[in-house]
Amino acid sequence: METIVRKQTSFRLREDLLHVLQEEARKANRSLNNFVESTLMDAMSYEPNEETKAAIREARTEKDKEVFDSLESLMKELRQ
């Protein structure tokens, strides 16, 4: 089993962000440290699957993108 070494550190956060993090950690019944560490690990290790990668490539290269003039027209198209 691999040993995980944790290094103690400190950093500055906006007070409002700290309060949000504390509240989310409390809701998840986790320590602030565990909540922040796991959230950062998730953010750093996210790798989209092949279908998502293909959709991103298509969206970035599509020449004839359909443009909607309102949210209502977009929603109407999506419902079809």
Side-chain angles (χ1 to χ4, degrees):
M1 182 173 171
E2 182 182 332
T3 302
I4 298 174
V5 178
R6 286 186 167 79
K7 175 95 172 156
Q8 185 172 349
T9 187
S10 64
F11 49 92
R12 298 174 196 267
L13 295 174
R14 291 176 22 175
E15 190 172 6
D16 59 337
L17 175 58
L18 177 59
H19 290 303
V20 169
L21 291 169
Q22 289 170 328
E23 179 61 20
E24 292 303 310
R26 186 195 64 74
K27 287 179 189 176
N29 197 29
R30 295 162 65 188
S31 69
L32 177 61
N33 185 78
N34 176 266
F35 182 79
V36 170
E37 182 179 22
S38 62
T39 301
L40 290 172
M41 289 296 292
D42 288 347
M44 297 306 297
S45 64
Y46 173 72
E47 178 70 26
N49 63 27
E50 289 306 314
E51 182 180 2
T52 302
K53 289 178 184 179
I56 292 169
R57 282 191 297 275
E58 179 184 338
R60 288 180 176 164
T61 60
E62 183 67 37
K63 299 293 184 221
D64 298 320
K65 294 179 183 173
E66 190 168 356
V67 178
F68 297 94
D69 59 354
S70 69
L71 178 59
E72 289 77 21
S73 63
L74 171 61
M75 296 305 293
K76 183 178 177 182
E77 178 69 23
L78 291 173
R79 288 185 188 112
Q80 294 182 8

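Being a predicted model, the structure only gives us computed values, none of them experimental.
- Scored by the side chain to side chain contact (heavy atoms under 4.5 Å, CB included) test, Asp42 finds no partners at all (sequence neighbours excluded).
- With sequence neighbours left out, the side chain to side chain donor-acceptor pair (under 3.5 Å) criterion links Thr52 to Asn49.
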Please tabulate, for the side chains in residues 73-80, all donor-acceptor contacts under 3.5 angstrom to protein atoms that are two or more places apart in sequence or on a different chain.
from  : atom 1 : to    : atom 2 : distance (Å)
Ser73 : OG     : Asp69 : OD1    : 3.1
Ser73 : OG     : Ser70 : N      : 3.3
Ser73 : OG     : Ser70 : O      : 2.9
Ser73 : OG     : Ser70 : OG     : 3.3

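- When hydrophobic side chains of Ile, Leu, Val, Met, Phe, Trp and Tyr are connected at separations under 4.5 Å, Leu21 ends up clustered with Phe11, Leu13, Leu17, Leu18, Leu32, Phe35, Val36, Leu40.
- Shown here are the side chain to side chain donor-acceptor pair (under 3.5 Å) partners of Glu51, two or more places apart in sequence or in another chain: there are none.
- Summarising the geometry, atom CD belonging to Glu50 is positioned 6.5 Å from atom CZ belonging to Arg57; distances are rounded to the nearest 0.5 Å.
- Applying the side chain to side chain donor-acceptor pair (under 3.5 Å) definition to pairs two or more places apart or across chains, those involving residues 29-39 are Arg6-Glu37, Arg30-Asn34, Arg30-Ser38.
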